[in-house]
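Quick notes on the structure that follows.
All heavy atoms count here, side chains included; hydrogens, waters and symmetry mates do not. Numbers restart at 1 for each chain; the letters A, B, ... are given by sequence-line order, proteins then strands.
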Amino acid sequence: MSKNLTSRAEDYSKWYNELVVKADLAENSAVRGCMVIKPYGYAIWEKMQAELDRMFKETGHQNAYFPLFVPKSLFEAEEKNAEGFAKECAVVTHYRLQNDPDNPGKLRVDPEAKLEEELVVRPTSEAIIWNTYKGWIQSYRDLPILINQWANVVRWEMRTRLFLRTAEFLWQEGHTAHATKAEAIAEAEQMNDVYAEFAENFMAIPVIKGVKTESERFAGAVDTYCIEALMQDGKALQAGTSHFLGQNFAKAFDVKFTNNEGKLDHVWATSWGVSTRLMGALIMTHSDDKGLVLPPNLAPSQVVIVPIYKTDEQLEVIKEKANTIIKELKTLGVSCKLDARTTHRPGAKFAQHELQGVPLRIAIGQRDLDNGTVELARRDTLTKEIVKMDNLVSTVETLLKTIQNELFSKALNFRDTHITEVDDFETFKTVLESKTGFISAHWDGTAETEQKIKELTKATIRCIPMDVKKEAGECVFTGKPSTNRVLFAKAY
RNA sequence: CGGGGUGUAGCGUAGCCCGGUUAUCGCGCCACGUUUGGGACGUGGAGGCCGCAGGUUCGAAUCCUGCCACCCCGACCA
């Protein structure tokens with residue numbers, strides 16, 4: 001492990017890549033574009049999963065599991081969805097290998113073992129799920145179906161980056177079926193709200209809730225709701241999406257039900273997902289040049305205790321003290337570990353825990369034993385204070401809440417000061433290049449204008465905010481009339 | 001898939017142009033000792049199919065050909 005991280009100012013992208021690897025979150029694997037999520041990174045993902053899973057269940061959803069493979073004929077049923085994902089699908093064509101007669105010790109695909117029908121490795125599961133739902137739904141009494149699955153999906157991306165874009169990623173995908181349009185829309189909006197609440201309260205990432213324009217919409221959706229976050233380099237990151245699918249999938253898979261008036265109708269659908277990309281959002285929102293900064297809610301260990309000792313006897317006394325603290329913190333629901341490794345010196349431990357973003361660090365040495373104190377250090381502000389042992393546990397508890405709140409406030413302040421209202425295209429370009437962040441501007445509502453702006457500036461419309469206010473104006477590019485502003489940004 | 005670049009120990013690298021002793025240095029690793037309140041120091045040690053396969057040559061990390069992998073820039077994207 002080399003000592004210093006590349007600074008954000010020097011090379012933001014390099015900083016990110018190094019941080020992910022050095023903080024032991026993930027690394028590239030032998031499989032092109034696929035990552036290995038290491039235990040520390042996975043522990044953070046598990047924290048996210050646990051909270052999201054709780055929230056899904058609280059809103060009435062159940063978990064289930066559907067197959068990894070989708071027969072090609074099912075996959076192509078919903079045309080727009082199929083077309084949207086076709087270019088990035090991995091496809092299974094054979095089911096057997098054999099010894100290669102021309103290359104001893106090597107295997108080859110058995111040409112005799114070609115599948116009758118190719119299997120698409122799911123890039124998303126609407127097809128297989130709606131084909132299944134068809135058998136489950138006859139009456140309005142079978143509705144709604146509120147299901148989520150935790151799974152991996154594969155999208156054969158050309159250029160990948162750890163967590164932000166990998167060929168295989170972990171996610172959850174909710175797939176619901178409803179008797180009415182209104183109910184499905186309400187569900188899609190509700191789940192987008194759940195994502196926003198999770199991002200803000202749990203990850204301390206402020207997000208803007210909005211609706212996608214037609215060109216940014218999920219393939220096969222009628223409307224795509226999203227939460228958009230702003231990273232420290234001024235680029236936007238789509239952190240979650242929730243789709244109102246209308247009756248598109250019900251029609252494609254012929255899923256009809258009899259409503260309470262005895263009439264046949266197609267079922268209304270939603271789907272919604274967040275992925276391991278959230279790890280990327282987390283890293284790029286809070287971390288600094290010393291490494292990861294974790295909000296207490298997501299830290300595998302919220303507190304770490306580093307003993308400072310000269311003799312074995314001292315270490316034993318400190319360990320005892322530490323274990324008492326750990327026990328007390330545990331009763332308050334605070335996770336704390338003791339770093340009693342004798343193989344590393346305190347300075348190295350300090351640096352490592354900072355790199356890995358542990359929110360609070362307690363150092364205990366002889367000086368503290370004599371004075372009945374400890375040294376308490378915050379990761380987010382890098383400040384230290386001496387705390388009386390008697391007050392320690394309650395101080396820690398309060399401080400963790402403070403850190404969680406302050407991380408959010410800090411990110412919120414950054415985000416809010418990086419939304420710029422712009423009314424002409426020259427300023428649009430200048431702001432995008434110099435100040436960066438979101439640009440709030442009028443748009444004439446056409447895909448052509450959106451496309452043109454993208455070509456000229458690389459900025460896309462991230463969303464039309466849910467709370468957008470009606471305001472007559474002129475399109476920043478064409479000057480045509482517009483009724484509200486939309487948010488543009490360069491995005492990940 | 002188009003344009004550019006790079007492959008030498010676990011990581012980062014020197015050497016390559018101009019072929020010639022035992023392939024350089026740093027980090028990391030191992031052992032012992034001294035250390036331990038911000039990334040310790042000393043001494044000793046281990047670790048290399050020089051990306052892969054051919055070719056040229058008395059001799060190849062170095063020259064030639066082919067292949068593979070990775071990185072950067074474009075088109076694609078949670």
Side-chain angles (χ1 to χ4, degrees), chain A residues 1-6 11 13-14 17-18 21-22 27-33 83-89 122-124 151-161 163-173 195 212 215-219 221 224 226-229 236-243 271-281 290-291 305-312 314-315 318 339-355 361-371 373-377 382 384 386 454-455 458 460 462 491-492:
Chain A
M1 198 192 300
S2 68
K3 285 190 181 166
N4 287 311
L5 215 50
T6 299
D11 188 339
S13 166
K14 198 170 173 192
N17 291 334
E18 281 183 12
V21 172
K22 287 184 177 169
E27 64 187 32
N28 279 307
S29 71
V31 190
R32 179 198 172 95
E83 194 190 314
F85 285 102
K87 295 183 298 298
E88 49 193 56
C89 285
R122 62 180 168 214
T124 180
N152 58 338
V153 287
V154 169
R155 296 182 187 174
W156 213 262
E157 301 289 352
M158 296 200 173
R159 291 177 60 191
T160 59
R161 284 188 80 189
F163 290 122
L164 294 173
R165 180 167 303 112
T166 45
E168 179 194 21
F169 56 93
L170 305 184
W171 77 345
Q172 58 69 219
E173 47 181 328
Y195 288 154
K212 288 290 186 188
S215 46
E216 295 281 327
R217 196 178 286 157
F218 176 75
T224 289
C226 63
I227 52 170
E228 291 285 329
L237 183 92
Q238 179 177 304
T241 48
S242 178
H243 317 291
S271 68
W272 27 275
V274 294
S275 72
T276 35
R277 187 178 231 206
L278 286 176
M279 293 287 293
K290 284 193 178 295
I305 300 177
V306 177
I308 293 155
Y309 59 95
K310 291 195 182 5
T311 64
D312 288 350
Q314 264 179 337
L315 178 58
I318 295 168
D339 186 352
R341 287 176 299 173
T342 54
T343 49
H344 296 257
R345 297 165 87 244
K349 293 179 185 179
F350 292 171
Q352 189 197 332
H353 295 125
E354 273 164 12
L355 181 60
R361 181 186 71 231
I362 295 171
I364 309 176
Q366 186 60 48
R367 196 195 298 159
D368 297 297
L369 295 177
D370 296 341
N371 301 336
T373 58
V374 301
E375 181 191 85
L376 185 59
L382 295 168
K384 293 190 268 199
I386 302 298
K454 184 180 177 182
E455 279 166 20
K458 289 182 179 160
T460 50
R462 301 321 302 155
Y492 275 96

Quote, to the nearest angstrom, the [atom1] distance that separates [N] from [M].
N: B:rG59; M: B:rG20; atom1: P; answer: 15 Å
N: B:rU22; M: B:rC27; atom1: P; answer: 27 Å
N: B:rG5; M: B:rG10; atom1: P; answer: 28 Å

**Study point:** A:A239 vs A:G347, nearer the 5' end of RNA chain B by closest nucleotide
**Key:**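 It is A:G347, whose closest nucleotide lies nearer the 5' terminus.
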Residue closer to the 5' end of RNA chain B, A:R345 versus A:R155 (nearest nucleotide):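 It is A:R345 whose nearest nucleotide is closer to the 5' end.
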Let's test this: given Watson-Crick or G-U wobble pairing with both distances under 3.5 Å, identify the partner of B:rC18.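 The answer is none; no pair meets the criterion.
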For B:rG37, give the paired nucleotide (Watson-Crick: N1-N3 plus N6-O4 or O6-N4; G-U: N1-O2 and O6-N3; both under 3.5 Å), or none.
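Across any shown strand, B:rG37 pairs with none.
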Choosing from [options], which nucleotide comes nearest the side chain of [X]?
X: A:I308; options: B:rG37, B:rG74, B:rA78; value: B:rG37
X: A:K87; options: B:rG74, B:rG39, B:rC76; value: B:rC76
X: A:F169; options: B:rU36, B:rC76, B:rA78; value: B:rA78
X: A:A351; options: B:rG37, B:rA78, B:rG39; value: B:rG39
X: A:K384; options: B:rA78, B:rU36, B:rG38; value: B:rG38
X: A:E88; options: B:rU36, B:rC76, B:rG38; value: B:rC76
X: A:R277; options: B:rA78, B:rU36, B:rG37; value: B:rA78
X: A:Q238; options: B:rU36, B:rA78, B:rG38; value: B:rA78

Can you check whether A:R462's main-chain N or O pairs, donor with acceptor, with A:K212's side chain at less than 3.5 Å?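 Yes: the side chain of A:K212 pairs with the backbone of A:R462.
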message: Within 45 degrees of the ring normal and closer than 6.0 Å to the centroid, is that where the cationic atom of A:R361 sits relative to A:F350?
response: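 Ring-cation test returns yes.
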Nearest 0.5 angstrom please: A:I362 CD1 to A:T373 OG1, how far?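 The CD1 atom of A:I362 sits 11.5 Å away from the OG1 atom of A:T373.
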[X] [atom1] to [N] [atom2]: how many Å, rounded?
X: A:E173; N: B:rA78; atom1: CD; atom2: C1'; answer: 12 Å
X: A:I386; N: B:rG37; atom1: CD1; atom2: P; answer: 15 Å
X: A:K290; N: B:rG39; atom1: NZ; atom2: P; answer: 11 Å
X: A:N371; N: B:rG37; atom1: CG; atom2: C1'; answer: 12 Å
X: A:R367; N: B:rG38; atom1: CZ; atom2: P; answer: 8 Å
X: A:N28; N: B:rC70; atom1: CG; atom2: P; answer: 9 Å

- Message: For a quick check of understanding: with a heavy-atom distance under 4.0 Å over all strands, which category does A:L164 fall into, base, sugar-phosphate or nothing?
- Response: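 Base, at least one base atom sits under 4.0 Å.
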Base, sugar-phosphate, or nothing for A:R161, non-hydrogen atoms under 4.0 angstrom?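 Nothing, no heavy atom under 4.0 Å.
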